[in-house]
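Scroll down for the structure; my scribbles are underneath it.
Count residues from 1 along the sequence. What you see below is based on every heavy atom in this structure, not just the backbone, and it leaves out hydrogens, waters and symmetry mates.
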Amino acid sequence: MARKNKSRLLIYLLLGIIAVLIGIAVVRAKSKPKGIEVEVEKIKRRTISETVSASGKVFPEKEVKISSDVSGEIVELYVEEGDSVKAGQILARIDPESYESAVEGSQASLNNVKSNLAMQRSAIETSKAQKEQIQAQLNNARRVHERNKQLLQDGVISKQDFEASETNVEQLEANLRSSEASFRSAVKAAEGAEYSVKSAEALLKEIQTSLSRTTIAAPTSGVISKLNVEQGERVVGTIQMAGTEMMRLANFNSMEVQVEVSENDILRVSFGDTCDIEVDAYLDEKFKGVVTEIANSAANTGTGNQVVLTSDQVTNFVVKIRILPESYESLLEFTGNIPFRPGMSATVDIYTKTVTDVLSVPIASVTTRDEKDEKENAEEEKTEEMEEAEEKKKKEEEIKEVVFVFEADTARMTVVKTGIQDNEYIEILSGLSEGEEVVSGPYSAISRTIDAGDRLRIKEKKKD
């Protein structure tokens, strides 16, 4: 009898515990907040700056490639990479021995043709003198012949004497013509000698220029940013085309960032746009810049007559951005020199448009809905024709931008028209009013879960 009473008591005890647990679960279920947990934010007026982000490398704005115009061995090298030089400073010398010999030979040839010119000019003077002498003899013979005509008529001289004087005149006239021809020939020979002198002088000047180019001087002031040769190496070069690149001279006082901007964003970039620049070598530092050059042709359109017509790669345009010196003045106190080096990686944000005092909401608050999403019910079995018609209709449906307004613990879906945006906020042109609260998170709930009329509850912020 006692055992039965203990069993009944144990059963009653277990049933009581179960009843208590059920009661606790019911109370907790009733007291648990209902609705989708969301974050909300009030609509405010803000300043929004639209940006185009791109990455690239740091380069000097002005960098000169110094190449050799002559061939030979580098016998002197006066600089090292990183040295600062001034315009006109001697950087290197190429062995001038062969060019000095060529100058001496060309000088000898010039002296030879000058001597020939002097001889030709002397021949001109000789021919001129002979011509004048014959001209005087001819004039005298003509006067004698004129007197002989009168004497012949008077019978003083014989016809034979008259004909002899006439023959003498004709002979002197022939001699004069021959002398004039010799004079012209001497003049032409002198002109040819003058051309030979000019040609020899031009050749000498060219060789002297080559000799002078064995001395490499800095064309401008700057820093040796790259040195490709060592003393004792041979370089190749001609006057007609660039030879071996020996070094690069850069002006580190004016640096720029070259970035590639996609074809979708390049139309928004303009000359003079301001930029924020972040260089990977300087963490938590932002520098200011300005757009100075925008490429007219894409960076991957090919070279020369070869044009890339395929679209299997992204089309980018090179944009050059000058780094403003005043933005890195504080770094000069620590580095003591220009803080940037060619090839450093950098990221830029180009401010293409800025609007002030406009209504804005978080970017995550704006999502898209279409009519099908608003009327969507549980899926039913459909025929193939119905599915095709529905798919066609779906393509024709206009996708709308919407925002969920938190109103009396309920989601009110509002169609909005948006403007420009930055990294956090987007401009609202119509559909909302200042002071309203919009759902700002979580994004997964805004984009998929929440629908018009759904019950919402504000997520409680956890205390630190």
Side-chain angles (χ1 to χ4, degrees), residues 48-67 81 222-223 225-226 228 242 245 247-328 331 338-355 363 418-427:
I48 298 179
S49 297
E50 184 180 57
T51 61
V52 171
S53 298
S55 58
K57 301 286 185 181
V58 176
F59 294 99
E61 268 195 71
K62 185 178 181 181
E63 187 174 39
V64 181
K65 296 179 180 179
I66 300 177
S67 301
E81 190 167 323
V223 177
S225 60
K226 189 176 183 181
N228 299 325
E245 181 182 327
M247 61 191 77
R248 293 188 184 183
L249 184 61
N251 181 8
F252 282 3
N253 292 320
S254 183
M255 303 294 288
E256 68 180 10
V257 180
Q258 296 183 17
V259 298
E260 290 189 349
V261 178
S262 70
E263 59 183 326
N264 297 326
D265 296 327
I266 193 65
L267 296 179
R268 293 187 285 158
V269 180
S270 304
F271 291 103
D273 285 347
T274 58
C275 313
D276 283 339
I277 303 171
E278 293 184 3
V279 180
D280 293 356
Y282 296 96
L283 299 177
D284 301 327
E285 289 281 352
K286 278 193 176 182
F287 309 99
K288 296 294 182 181
V290 60
V291 175
T292 57
E293 187 176 328
I294 303 172
N296 290 318
S297 301
N300 54 348
T301 54
T303 58
N305 296 325
Q306 297 180 352
V307 179
V308 179
L309 300 179
T310 57
S311 58
D312 57 347
Q313 55 184 332
V314 179
T315 301
N316 293 324
F317 293 80
V318 175
V319 176
K320 296 182 179 180
I321 301 159
R322 178 184 296 124
I323 306 176
L324 300 179
E326 56 267 23
S327 65
Y328 56 81
L331 294 180
I338 301 301
F340 307 112
R341 297 188 180 184
M344 283 185 171
S345 300
T347 304
V348 300
D349 290 325
I350 306 172
Y351 292 97
T352 58
K353 187 178 180 182
T354 299
V355 291
I363 294 177
T418 60
I420 69 172
Q421 67 183 50
D422 57 17
N423 294 332
E424 297 180 7
Y425 295 95
I426 186 169
E427 178 187 8

(message) When you compare the side chain of F271 with that of I294, does any pair of heavy atoms fall below 4.5 Å?
(response) yes
(request) Kindly indicate whether the side chain of E61, heavy atoms from C-beta on, has any atom under 4.5 Å from the side chain of M255. (result) no
(request) Using side-chain hydrogen bond (donor to acceptor under 3.5 Å, both in side chains) as the criterion, list what pairs up with D273, not counting sequence neighbours. (result) none
(message) Would you compute the distance between atom CD1 of I323 and atom NZ of K288 and round it to the nearest 0.5 angstrom?
(response) 13.5 Å
(message) For E50, is there an ion pair with K353 - N to carboxylate O distance below 4.0 angstrom?
(response) no
(request) State the CD-OG distance between E285 and S327, to the nearest 0.5 angstrom. (result) 9.5 Å
(request) Take D276 and Y351 through the side chain to side chain contact (heavy atoms under 4.5 Å, CB included) test and state the conclusion after the steps. (result) CA-CA 8 Å; D276 283 339; Y351 292 97; 2.5 Å; yes
(message) For E245, give me all partners under salt bridge (Lys or Arg N to Asp or Glu O under 4.0 Å), at least two apart in sequence or on another chain.
(response) R248
(message) Ignoring hydrogens, what is the shortest heavy-atom contact between V261 and I266? Give both atom names and the distance.
(response) CG1-N, 3.8 Å
(request) Decide side chain to side chain contact (heavy atoms under 4.5 Å, CB included) for V355 and I420; before the verdict, give the C-alpha distance in whole Å, the side-chain angles of both, and the deciding distance to 0.1 Å. (result) CA-CA 8 Å; V355 291; I420 69 172; 3.5 Å; yes
(request) Indicate the atoms forming the closest heavy-atom contact of D422 with S49, along with that distance. (result) CB-O, 3.2 Å
(request) Drop me the distance from E278's CD to D280's CG, to the nearest 0.5 angstrom. (result) 8.5 Å
(request) Enter the distance from M344:CE to Y282:OH here, rounded to the nearest 0.5 Å. (result) 5.0 Å
(request) Would you indicate whether the side-chain heavy atoms of T352 and T51 approach each other to under 4.5 Å? (result) no
(request) Specify the closest pair of heavy atoms between I363 and Q421, including all atoms of both residues, with the distance to one decimal. (result) CD1-NE2, 4.1 Å
(message) Is any side-chain heavy atom of T292 closer than 4.5 Å to one of I321?
(response) no
(request) Grab the two heavy atoms, one from I277 and one from G289, that are nearest each other, plus how far apart they are. (result) CD1-CA, 3.9 Å
(request) Write down the atom of A346, the atom of V257, and the distance for their closest heavy-atom approach. (result) CB-CG1, 4.0 Å
(message) What I'd like to find out is whether the side chain of V52 reaches to under 4.5 Å of the side chain of V319, using heavy atoms alone.
(response) no
(message) Could you check, using the six-membered ring where one of them is a Trp, whether F340 and Y328 have ring centers closer than 6.0 angstrom?
(response) yes
(request) Could you tell me which residues satisfy salt bridge (Lys or Arg N to Asp or Glu O under 4.0 Å) with K57, sequence neighbours excluded, listed by chain and number? (result) none
(message) Holding to salt bridge (Lys or Arg N to Asp or Glu O under 4.0 Å), I want the full list of residues that pass it with E81, two or more places apart in sequence or in another chain.
(response) none
(request) Search all heavy atoms of N296 against all heavy atoms of F317 and return the closest pair with its distance. (result) O-CE2, 3.9 Å
(request) Kindly state each residue pair satisfying salt bridge (charged side-chain N to carboxylate O under 4.0 Å, His left out) with at least one member in residues 251-267, sequence neighbours excluded. (result) D265-R268
(message) List the residues meeting salt bridge (Lys or Arg N to Asp or Glu O under 4.0 Å) with K65, not counting sequence neighbours, and say none if there are none.
(response) none
(message) Let me confirm one number: the OG-CZ distance from S225 to F59, rounded to the nearest 0.5 Å.
(response) 11.0 Å
(request) State, without any angle test, whether S262 and N316 hold a side-chain donor-acceptor pair at a distance under 3.5 Å. (result) no
(message) Can you confirm whether L249 sits close enough to I66 that some side-chain heavy atom of one is under 4.5 Å from a side-chain heavy atom of the other?
(response) yes
(message) Is the shortest side-chain heavy-atom distance between V291 and C275 below 4.5 Å?
(response) yes
(message) Measuring from atom CZ of R341 to atom CZ of F252, what distance do you get when rounded to the nearest 0.5 angstrom?
(response) 8.5 Å
